[in-house]
Amino acid sequence: MRNIFIVLAGGVGERMGATVPKQFLKIAGKPIIQHTLENISQIESIDQILIVMHKSSIAETQNILSEIKTTTPIKIIQGGDTRTQSTLNALQFISDKEAFVLLHDAVRPFIDKKIVDRCLLALQDFEAVDTAIVSADTIVGVDENDCINSMPIRHFMRRGQTPQCFKLSTLRQAYKFAKKDNNFQVTDNCGVVFKYLPDVEIKVIQGSEENIKITENIDLQFADKIFQMKTAPITDLHIAKEIFLDKKVLVLGGSYGIGKACVDLFSKLGAKVISASRSQTQTDITNPDSINHILDSANQQLGGIDLVILTAGQLSISKLIKMSDDDIRSLINIDLIAPAIVAKLAYPYLKQSSGELIFFTSSSYTRGRSDYSIYSAAKAGVVNLTQALSEEWADDNIRVNCINPQRTDTPMRTQAFGKEPSQTLLNPEIVAEFTAKTTMANITGQIVDVRLN
Ligand code: CTP
Ligand code: MG
């Protein structure tokens with residue numbers, strides 16, 4: 001019996017309110033549905049993937065499929081006006097007499113093999129299987145006046161996710177009954193079986209906290225974080241030497257602190273590194289001619305540029321009203337305009353090499369606080385710049401990431417804050433290691449947090 005995986009992608013994402021259906025919004029440089037499909041297509045026990053897609057997006061889906069390397073056959077089917085209709089379209093397409101079908105929301109990109117394995121195992125004993133997680137929140141039932149009318153015991157409550165999985169004949173039978181019911185209102189496939197085949201036991205297997213459904217705008221931010229947790233930190237530096245051997249790296253700001261630690265580590269890993277700074281190469285990152293000059297010279301000396309790391313910047317803390325207009329302009333110039341111009345000038349080299357650009361931000365970017373107005377505003381800008389460029393350059397295969405180190409023991413910091421207890425500060429070598437791991441993780445558009453311990 002075949003295991004058929006149905007990806008429900010026929011919706012338009014009204015609640016998200018974007019200009020494209022949400023399954024095409026990007027996380028880490030790739031459309032959400034591409035992440036979903038990449039994860040599923042690597043699972044050997046899946047015999048076929050069916051994507052149910054809105055008519056207007058079928059061509060775009062074809063393009064995405066051409067990016068995916070897999071031996072699993074994948075077919076696109078036209079979706080319907082409702083999730084139920086989309087499901088029925090998929091069921092109609094299946095000619096197998098009997099099969100196991102797993103129905104999954106395209107907008108749950110963090111599906112993994114463990115969940116699918118649990119589903120398939122449960123299907124050995126049950127005709128219907130739902131995926132769910134325990135609820136940390138108490139669930140209350142309300143009436144039409146928003147007053148509580150039931151308080152189920154939390155211990156027995158679960159939050160439903162997908163996949164929902166069935167023996168094909170069971171799901172077909174449930175829909176056959178549903179069609180005869182004029183009051184049919186169920187939106188969820190397990191709900192259809194629950195209502196119309198009350199004798200069928202529906203087993204609930206454990207999903208995962210990460211298997212979120214991207215529904216509202218804020219879910220994109222959660223998704224970015226989940227993606228980041230799943231990738232950068234788990235890469236092992238053991239295999240780094242294969243990746244860094246002869247990699248052509250330009251570090252802007254390489255004479256001290258994090259920049260120097262990057263130069264040292266990448267060189268040790270076998271990369272060909274050029275360290276540029278005011279003292280070493282008379283490079284001024286606020287001067288486009290100077291940037292052009294160092295890019296050109298690095299390109300000639302290294303025979304190309306695979307990775308540009310920009311660590312140069314300025315940490316300056318002051319109350320806004322104490323800053324002169326020139327101070328304000330100069331800080332924004334160094335911490336935001338320079339990264340934008342470096343990016344623009346590095347673009348042709350990185351396009352040539354399908355390379356990567358790495359910026360640095362500061363943990364103060366997430367929330368403004370007193371004395372940091374301009375510095376944090378510029379650093380927040382760099383985060384935004386990273387995300388935007390990762391999308392603009394995805395088609396050129398250029399990756400753009402940003403490292404967000406917690407307070408780090410660097411001369412720049414000591415100058416601003418004086419001597420601080422060293423156990424409360426990250427050392428630059430750890431930050432350099434995370435930078436290497438970010439490169440190895442092959443991700444883009446990510447803000448990689450580096451924390452003490
Ligand atoms: N879906 C579908 N066919 C539909 C409606 C929804 O295949 N006619 C899919 C969606 O593409 C999505 C999944 O069902 O992957 C979960 O639905 P939901 O989160 O509600 O997505 P949308 O319907 O696109 O979003 P919204 O309800 O905000 O419009
Ligand atoms: Mg919907």
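Both ligands and their constituent atoms are indexed starting at 1 by order of listing. Note that the numbering runs from 1 along the sequence shown for the chain.
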Going by the atom numbers of ligand 1, which of them fall below 4.0 Å from some non-hydrogen atom of [X]?
X: V12; answer: 24 (O)
X: V107; answer: 12 (C), 15 (O)
X: D81; answer: 8 (N)
X: K22; answer: 18 (P), 19 (O), 21 (O), 22 (P), 24 (O), 25 (O)
X: S86; answer: 2 (C), 3 (N), 4 (C), 7 (O), 8 (N)

Is [X] atom [atom1] crowded by more than 12 heavy atoms from other residues, nucleotides or ligands, each under 6.0 Å away?
X: Q85; atom1: CD; value: yes
X: K203; atom1: NZ; value: no
X: Q352; atom1: CD; value: no
X: N182; atom1: CG; value: no
X: K75; atom1: NZ; value: no

Got the closest protein heavy atom to [atom], with its distance?
atom: atom 7 (O) of ligand 1; answer: G10 N, 2.7 Å
atom: atom 29 (O) of ligand 1; answer: E14 N, 2.6 Å
atom: atom 19 (O) of ligand 1; answer: K213 NZ, 2.6 Å
atom: atom 11 (O) of ligand 1; answer: G11 N, 2.9 Å

Worksheet item: Would you say G80 has any N or O atom under 3.5 Å from an N or O of ligand 1, going by distance alone?
Response: yes
Worksheet item: V52 to ligand 1: N or O pair under 3.5 Å?
Response: no
Worksheet entry | Within reach of ligand 1, part of T82 (heavy-atom separation under 4.0 Å) | backbone
Worksheet item: For ligand 1, which part of H54 has a heavy atom less than 4.0 Å away: the side chain, the backbone, both, or neither?
Response: neither
Worksheet item: Quick one: does D181's side chain have a donor or acceptor within less than 3.5 Å of a partner on A178's backbone?
Response: no
Worksheet entry | Non-hydrogen atom of G13 closer than 4.0 Å to ligand 1 | yes
Worksheet item: Hey, is Q85 one of the residues with a heavy atom under 4.0 angstrom from ligand 1?
Response: no
Identity of the nearest option to [atom], non-hydrogen atoms only, from [options]:
atom: atom 13 (C) of ligand 1; options: D105, D219, T215; result: D105
atom: atom 12 (C) of ligand 1; options: I214, L103, L8; result: L8
atom: atom 20 (O) of ligand 1; options: Q23, R83, R15; result: R15

Discussion item. For the residue pair N401 / E356, report whether a side-chain donor-acceptor contact shorter than 3.5 Å exists.
Written reply: yes
Practice prompt. Check the side chains of S364 and S362 for a donor-acceptor pair under 3.5 angstrom, ignoring hydrogens and angles.
Written response: yes
Worksheet item: Would you say the side chain of Y347 lies within less than 4.5 Å of the side chain of L357, judging by non-hydrogen atoms?
Response: no
Worksheet entry | C119 versus L102, closest heavy-atom pair with distance | CB-CD2, 4.1 Å
Discussion item. Before you tell me yes or no, could you show the steps for T408 and T410 under side chain to side chain donor-acceptor pair (under 3.5 Å), namely the whole-Å CA-CA distance, both residues' side-chain angles and the distance that decides it to 0.1 Å?
Written reply: CA-CA 6 Å; T408 309; T410 62; over 6 Å; no
